[in-house]
Amino acid sequence: MTIPFEKHRIPTSDIGVSGSLTTSSASLLSVRDLSVEYRGERTTKAVKNVNFELRKGEILGIAGESGCGKSTLAYAITNMLKHPAYITSGEVLYAQGDSGNTVDILRLEHEQLRNFRWTEISMVFQSAMNALNPVTSLKKQFSDIFLAHKPGMTKAERLEKSIRLLEMVGLNKNIINQFPHELSGGMRQRVVIAMALCYMPNIVIMDEPTTALDVVIQRDILDEIIRLQKELNFSIIFITHDISLLLEISDRLLIMYAGEIAEQARTEAIVSRALHPYTNGIMLSIPDLYGQRRELRGIPGMPPDLSLDIPGCPFRPRCSEAFEPCSTWPPPKIFVANEPDHFVRCHKYGSSDFMGGA
Amino acid sequence: MTYFARKIGFYLLAAWAAITIDFFLPRLIPGNPVEILMSRMAQSGSPPPGEAKTLALLLGLSHGNLITQYWDYLVQLSHLNFGISITDFPTPVSQIIVSTLPWTIVLVGTCTVISFIVGIVLGTIAGFKGGKWAEALIPSTTFLTSLPYFFMALLLLYFLSYEFHLFPLNGGYSDSLTIGFTGSFILSAVYHSILPALTIILASLGGWLLGMRNMVLTTLSEDYVVAAEARGLSRRKIMIGYAARNAVIPSITGFAISLGFVVSGSIAMEYVFSYPGIGYELLQAISNDDYALTQAIFLIITLSVLGANLIVDLLYGFIDPRTRQSR
Amino acid sequence: MKNRDTRVHNSVRVEVIVKSWKWLRRLLKRAFRSKKLVIGVVILGFFVLVAVIGPIFATNPNGFIGPDMASPSLKFPLGTDFAGQNVLYQLIDSTGPSLLVGFAAGALATLISVIIGIGSGFVGGIFDETATFFTNIILVIPGLPLVLIVAAYVGSSSLTPIILVIAFTSWAAYARVLRGQTLSIRNRDFILASRVAGEKWWRIVFVEILPNELAIIVSNFIFMVVFAILTQATLAFLGIGDVTTLTWGNMLYLANNDEALTSGAWWWFIPPGLCIGLVGTALAFINFGLDEILNPRLKISAQKEK
């Protein structure tokens, strides 16, 4: 289950180039202060005041243990949450087209929302094996997508476009008449990716797209995703618990812990200088193929119960570097001066909002 | 293709099993059924020559060992000669079946289809839309399904026929008419069948509805339904093409059991309304110790139910593509 | 020394009692959260209570004590039937036998379905093939016509044959469910592990498989009780089987035969029918309630308000 991340092992020299926090390329999606809770007998705060940006053509990785809120975040961004999950604050601003107009996805309703979905943002689900309707043919399911947004397309056009999409993801066009159960797991996953690209959306959210597949197929699918992304230049939010995979493909990384972003940085920065003890912990859990042997260890302990109020830092019980303020004050968000949009939420680096250079 | 072949093969074996059960049934009768029948026929008139032999063959009580008796019985069945009824002496049993079976098949068949469709549609809406009215539907439909068919029939009869004189008290058509494809006869038959039909529909609707509602709720959290929503499909499309289409499958696989309930209930219902169907005839045959008629009706009811189940199983092959290639 | 031992023993015992009391309270607390379960248990409990202590009050239900076909009054809360018998007393005395048939036939049918279902799923091979084929045949052959004929031919003046006939014709559907479940459990890791470890087969069945299927078995049992009550009522209504024991179906048979409908005596035939319906609803509610507790998805939608 290891994927070499050789290119990032080379020390990068761009640390400390710029002190500016403004983004170099245009921001496509901007998530502001997003919070989600699950209401039940006890309210669970699954996502807490999350902020991040997604830029045009980048791959943004979101990593974290299961239950850290990463999938909930994905569903919240597309306004897909249902009872008992509720968005309690925040907005998700999407820059529409070249006009510079932004829309808040969370405020879209009914038809607007329905039309927005898939044409602007599409998704590849956690268990793509089950994301296909088991009782209808692929042709029908492609057709459903086209009819939902472009009812004017003729039958021939729909068929032709479906076949083009299948071929684009490396599948034989003959499978168009088959049913999901007749395909292998890898083929099904390719079909799901082809479906996500029906309208060439600007953003594709991928939630554990390779987890259910076996290792060899995982590699193929990952290569396919990278190839398509390079060719078509869409942005990807790639969610997984497997950080080694993200180190290889993503441009920037968000490390989530207990519903919050513990650290955000460009991937190179995480490789060369991860700041949060949690990030360091999961980095250490990756076996190193090229470096020297080293002790492989996970992080002891369990993530906290999000239905309880956590004073201080949620990672404190598992943190080997915890000290006095960690149990009382929520850690401040500290920006790293010389690394563009690198921030960490940890007491270790002081209490002011900025920390000194490297 | 193998799926269809397997199903047809299974139902042929089931039919053989039913025929064999039918062969053994008369052995439960105390005394010698052939003698009992013959002496009772003698009281009503003169039985045709050879009737004693026909009955013995039919009831599987001819001379010889069990295998010879079984063979004789099968030969007798293949000639479709079921003997003479003493309930309606001297009408041949086959003629009674021909005159009663259509009443039941048309009534039960139509009502089952109506009740299935209405139940599936309401169950889909209740599961998909949820809300207060759907929740209120559960206790009332549960109560409705807990009432025996015959009690439902008594209630309808009492309130709609005795109290308000809206419908006839019993029978399948007005006594003043002769059976035939005339407008007035068909009208009268439909009028007489409204309460029996209402009984079957009211009593069986709830089962389809509740089953469908629960399955829709289960499918709504399936990944393909969530994915369909993310793809921006319309609610209508998701409800029918994705949620209901998959949720209906267990209702169809459970059809045999449900049909068993409907058939059982209809026998008691026909009794309440004195409806001229095969269920009422069966009860009369049983109470008159008309063994030949009883045996023939059991076989016919069972084979009709098997036929209905076969049709549904074949349809199921089209609805769920996964069955067609399995094994 | 001995004294101390008992003290330790006692404290352990107290702890066990406290623990099991806490466990029971948690269980009850969870159960009480399901409104359906509570309603079902209350209604069923009422009928069981009537069945047990009712006959003490409802003495001599067959006595000809009142005017014929009297409508409900203070003296006869549910009126009288065509022979001047007290309908309320008959209703009370019918409760026990009606429930008895349901629970006895339900229990027997459950037992058969457990043996055939778990047996064929666990043993597999030719036994499984035969049992499955047999089960499927029973499943597609309609039960009531067969039950009617057998009950009529056999004839009896007690409820026992009816219980047997109902049980032996109604187990098939649930045997199929249990077989499927057993097949899926049989191949799970913990069962495979205990097989490798050389556990005795009966230990695997009773300690590992059976407890895992308990929820399904209980639910099947409840449905079969409802089915048996309905079937017995139908048979009795049609005058087949035991016509001497007072049951709700039997009351309806007499009411229908003695022109309760034409004489407008609703108090005679409506109460027994309602009792059957209420018991059925109560049992169904208990099942829904258990399902809600065990299958949270249904509950979530029950809370959903749109």
Side-chain angles (χ1 to χ4, degrees), chain A residues 71 74-75 77-83 108 110-138 140-151 177-182 188 191-192 195-196 198-199 201 204-205 207 212, chain B residues 1-3 120 124 126-132 134-135 212 215-253 312-327:
Chain A
S71 288
Y75 280 79
I77 291 169
T78 44
N79 200 352
M80 291 264 299
L81 291 174
K82 289 223 174 60
H83 176 91
L108 292 177
H110 310 297
E111 272 306 274
Q112 280 177 310
L113 182 62
R114 193 183 71 69
N115 279 322
F116 178 84
R117 285 175 179 159
W118 226 250
T119 51
E120 306 287 344
I121 299 183
S122 66
M123 294 178 86
V124 173
F125 283 93
Q126 190 153 10
S127 46
M129 319 291 282
N130 305 323
L132 297 169
N133 188 350
V135 295
T136 51
S137 66
L138 300 183
K140 181 97 183 31
Q141 297 188 48
F142 272 105
S143 254
D144 284 346
I145 299 175
F146 293 127
L147 287 174
H149 300 284
K150 287 186 182 160
N177 286 316
Q178 291 193 294
F179 291 90
H181 70 273
E182 296 171 312
R188 265 185 263 182
V191 170
V192 169
M195 283 180 174
C198 278
Y199 293 104
V204 180
I205 297 176
D207 186 1
Chain B
M1 218 40 230
T2 47
Y3 170 79
I120 293 301
T124 305
F128 199 77
K129 293 257 164 73
K132 284 231 162 74
E135 289 309 308
M212 189 63 185
M215 269 321 289
V216 167
L217 286 181
T218 310
T219 40
L220 279 186
S221 50
E222 292 285 349
D223 293 322
Y224 49 80
V225 173
V226 179
E229 200 188 337
R231 289 173 198 155
L233 305 200
S234 65
R235 275 176 72 80
R236 206 185 142 76
K237 182 87 208 173
I238 297 172
M239 180 166 87
I240 297 168
Y242 287 70
R245 181 79 199 273
N246 283 284
V248 79
I249 287 172
S251 289
I252 294 171
T253 44
V312 171
D313 269 2
L314 296 183
L315 283 177
Y316 175 56
F318 286 104
I319 287 171
D320 189 348
R322 284 167 293 189
T323 53
R324 268 175 260 156
Q325 64 151 42
S326 66
R327 267 191 288 174

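A, B, ... follow the sequence lines: proteins, then strands. Residue 1 opens every chain.
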**Message:** Strictly distance-based, threshold 3.5 Å: is any side-chain N or O of A:Ser143 a donor or acceptor partner for the main-chain N or O of A:Lys140?
**Reply:** no
**Message:** Between A:Arg114 and A:Ala148 (side chain of the first, backbone of the second, donor and acceptor by atom type, cut-off under 3.5 Å), is there such a pair?
**Reply:** yes
**Message:** Below 4.5 Å, heavy-atom pairs only: which of B:Ala228, B:Ala230, B:Ala227 has the largest tally toward chain A?
**Reply:** B:Ala230
**Asked** In terms of the angle between their ring planes, are A:His149 and A:Tyr199 parallel, tilted or perpendicular, with boundaries placed at 30° and 60°?
**Response** perpendicular
**Message:** Heavy-atom cut-off 4.5 Å, strictly under: side chain, backbone, both or neither for A:Glu111 against chain B?
**Reply:** neither
**Message:** At a 4.5 Å cut-off on heavy atoms, which part of B:Val226 comes close to chain A: side chain, backbone, both, or neither?
**Reply:** both
**Interchain contact, B:Ile319 with chain A, by part (heavy-atom threshold 4.5 Å)** = backbone
**Message:** Looking at A:Asp144 and B:Arg231, is any side-chain nitrogen of the basic one under 4.0 Å from a carboxylate oxygen of the acidic one?
**Reply:** no
